[in-house]
There are 2 protein chains.
Amino acid sequence: MNKLPEKTIGRLSEYRRTLLNCLAKGKTHIYSHELANLHNFTAVQVRRDIMLIGYSTTLKKGYDVKALIDVISKIIDTDEGINAAIIGVGNLGKAITTYFNGKRPKLRIVATFDNDPEKANRVIAGVKCYPISEINKLVNELDIRIGIMTVPPENAVSVLETLVNAGIKGILNYTSTPLSVPQNVHLEEYDMITSIEKVAYFVKQKK
Amino acid sequence: MNKLPEKTIGRLSEYRRTLLNCLAKGKTHIYSHELANLHNFTAVQVRRDIMLIGYSTTLKKGYDVKALIDVISKIIDTDEGINAAIIGVGNLGKAITTYFNGKRPKLRIVATFDNDPEKANRVIAGVKCYPISEINKLVNELDIRIGIMTVPPENAVSVLETLVNAGIKGILNYTSTPLSVPQNVHLEEYDMITSIEKVAYFVKQKK
DNA sequence: TGTACATTGTTATTTATTTCACACTACCTG
DNA sequence: CAGGTAGTGTGAAATAAATAACAATGTACA
């Protein structure tokens, strides 16, 4: 189970979210095609992903929701959980903190950072905000493993450097500055303008 | 040039952003490997993408920045531009509006919508906010083609229905509710929790 | 001016991902 | 309790995307 396709990882996360909803509604079993229809996937895709993670059912009444959640969680989560931090408490940083916090017990946003003295040392969106100068110290103190960058583009490079030097191993870059990191750091980038432009392109093609 | 790979479209958008920066700095030519290094791409990938869009240079002094921007723009943009709207003016909606507006002349956010009466009919992040009940009317009046959904998950389905009925052809879904749309509508989904969980997974693998 | 080099354009190959096709079997129904 | 059906699991085929390999050709510089 060591080499799951990257696309599968993304879908597993989405399956779990949906499965948790099902569980909350009291649904105990779910067919591959049901799970597929709740997303925009195909039933085969669902079955294959589930095969890849080593879960299977002998029944023909669908997958056991609870059991499937557990298998997925074992893959995505760690026992002790992972701590993340938001760097840059603008609208986006606040949005993510608010949206996220408390949703996943094994994934916690334990700090936010901003270089605006107005914000530093206050609690923003439920999480304490520290001055950026303290990143290095706090990454170690709070065992922060993931940095979510929502700073202005011109600060992205220097913030990245601070994070990497502090020993962070996972970066999620929401700034519009493309970044690069050493081999031993995982970087995921997402640019909203690109997404909107992609949609615009396909809308244009439709006509 | 009719069938560009989806991944290429995304990269073209990113190339253009970078090329615009280069232009602003007075750089007139750029090598494939330079452009690649400014992102996390390879030089071959850059050259191949550029081949696919039909641009080429006879020189060996790199690509003409201005010309390349024009070619990419011809693919991504439309002459008259495309109008988009944000539905849901929470932190995320505000973040996108603020971040985006004015950056791309051919892509405009012309309205935001919210069902909070406090917000409706005010100007928020530089764009007028309307009550959600007016979506149908305004989609036509303002020629809105793209809907960017940043509403709470429980409202996603009904908002989507409204948008599709109003004739919108492109949806960008930032809510945590997976959606599905008719064939003739283009849907792009992005869930932040999934992204964070993906990073967490890869961080876990690193050790 | 001609030689070495760097850079582009493109075909072929490899790798990743999705889809197809079908064997297998629990479940339901009469 | 037999036969049809609907659902799962999975090898094989198809598609999409990235990478390698290299021919062609400006460019710089001796």
Side-chain angles (χ1 to χ4, degrees), chain A residues 1-15 19 22 27-65 67-68 71-72 178 180 183 187-189 194 198 201-202 205, chain B residues 1-15 19 22 27-65 67-68 71-72 180 183 188-189 194 198 201-202 205:
Chain A
M1 200 199 303
N2 228 349
K3 210 51 182 12
L4 294 170
E6 182 160 346
K7 292 286 179 69
T8 295
I9 301 300
R11 285 192 298 266
L12 288 178
S13 164
E14 302 189 36
Y15 296 151
L19 292 167
C22 291
K27 193 170 170 61
T28 61
H29 290 78
I30 189 166
Y31 295 121
S32 58
H33 63 262
E34 288 180 298
L35 193 46
N37 288 339
L38 288 170
H39 301 85
N40 288 327
F41 309 144
T42 66
V44 189
Q45 211 167 26
V46 169
R47 294 207 299 277
R48 178 161 297 272
D49 286 337
I50 288 175
M51 182 192 89
L52 290 174
I53 64 177
Y55 175 78
S56 76
T57 176
T58 53
L59 312 176
K60 308 270 165 190
K61 294 296 289 176
Y63 302 102
D64 184 304
V65 173
L68 192 45
V71 175
I72 295 176
S180 50
Q183 278 290 323
L187 171 68
E188 192 121 342
E189 309 211 57
T194 292
K198 270 173 77 174
Y201 171 81
F202 287 108
Q205 298 305 96
Chain B
M1 201 201 305
N2 227 351
K3 212 43 185 9
L4 294 170
E6 182 161 345
K7 291 287 180 70
T8 295
I9 301 300
R11 285 193 297 266
L12 288 178
S13 164
E14 302 188 37
Y15 295 150
L19 291 167
C22 290
K27 193 169 171 63
T28 61
H29 291 78
I30 189 166
Y31 295 120
S32 57
H33 63 263
E34 288 180 298
L35 193 46
N37 288 339
L38 289 169
H39 301 85
N40 288 327
F41 309 144
T42 66
V44 188
Q45 211 167 25
V46 169
R47 293 207 299 275
R48 177 165 258 293
D49 286 336
I50 288 175
M51 181 192 87
L52 289 174
I53 64 178
Y55 175 78
S56 75
T57 175
T58 53
L59 311 176
K60 308 271 164 186
K61 295 295 290 176
Y63 302 103
D64 184 305
V65 173
L68 192 45
V71 175
I72 294 176
S180 50
Q183 277 288 323
E188 191 121 343
E189 310 210 58
T194 291
K198 270 172 77 175
Y201 171 81
F202 287 108
Q205 299 306 96

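In what follows, chains are A, B, ... by sequence order, proteins preceding strands, each numbered from 1.
At a cut-off of 3.5 angstrom, counting only N and O atoms as typed in the model, there is a donor on one side and an acceptor on the other between the side-chain of A/R48 and the base of C/dT19.
Listed here is the closest heavy atom pair of A/L187 and A/S180: CD2-CA, 4.3 Å. Shown here for B/K61 and B/H29, the closest heavy-atom pair between the two residues is O-CB, 3.3 Å.
For B/L59, the listed nucleotide lying nearest its side chain is D/dT27; candidates were D/dT27, C/dT17, D/dA17. Across D/dA28, D/dT19, D/dG9, the shortest atom-to-atom separation from the side chain of A/S56 is found for D/dG9. Among the nucleotides D/dC22, C/dT19, D/dT8, the one closest to the side chain of B/R47 is D/dC22. Closest to the A/Q45 side chain, of the nucleotides D/dA18, C/dT18, D/dT8, is C/dT18. Proximity note for A/V44 (side chain, C-beta onward) versus D/dT19, C/dT18, C/dT19: the nearest is C/dT19.
B/I50 has its CD1 atom 11 Å from the C1' atom of C/dG9, to the nearest Å. When the P atom of D/dT15 is taken as reference, atom CG of B/L4 falls 19 Å away, rounded to whole Å. Straight-line distance from the CG atom of A/L52 to the P atom of D/dT10: 10 Å, rounded to whole Å. Remark: P of D/dG7 and NE2 of A/H29 are 14 Å apart, rounded to the nearest angstrom. Note: OH (A/Y63) to C1' (C/dA26) measures 14 Å, nearest angstrom. Between the CD atom of A/E6 and the P atom of D/dA16 there is a distance of 19 Å, rounded to whole Å. Between B/K7 atom NZ and C/dT15 atom P there is a gap of 17 Å when expressed in whole angstrom units.
Using a 4.0 Å cut-off, no side-chain N or O of A/Y31 falls inside it from OP1 or OP2 of C/dC27. Here B/S32 reaches the OP1 or OP2 of C/dT8: one of its side-chain N or O atoms lies under 4.0 Å away. One finds no side-chain N or O of A/K61 lying less than 4.0 angstrom from the OP1 or OP2 phosphate oxygen of D/dT8.
Of the two residues near DNA chain D, A/K60 and A/M51, the one whose nearest nucleotide lies more 5' is A/K60. Toward the 5′ end of DNA chain C lies the nearest nucleotide of A/T42, the other residue of the pair A/T42 and A/T58 mapping further downstream.
Note: A/H39 and A/Y15 have perpendicular aromatic rings, judged against thresholds of 30 and 60 degrees for the angle between ring planes.
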Item to check | Test log, rule side-chain contact (heavy atoms from CB on, under 4.5 Å), inputs A/L4 and A/D49 | outcome: CA-CA 9 Å; A/L4 294 170; A/D49 286 337; over 6 Å; no
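A donor-acceptor contact shorter than 3.5 Å links the side chain of B/Y55 to the backbone of B/D64.
Counting non-hydrogen atoms under 4.0 angstrom, A/T8 reaches nothing in the nucleic acid.
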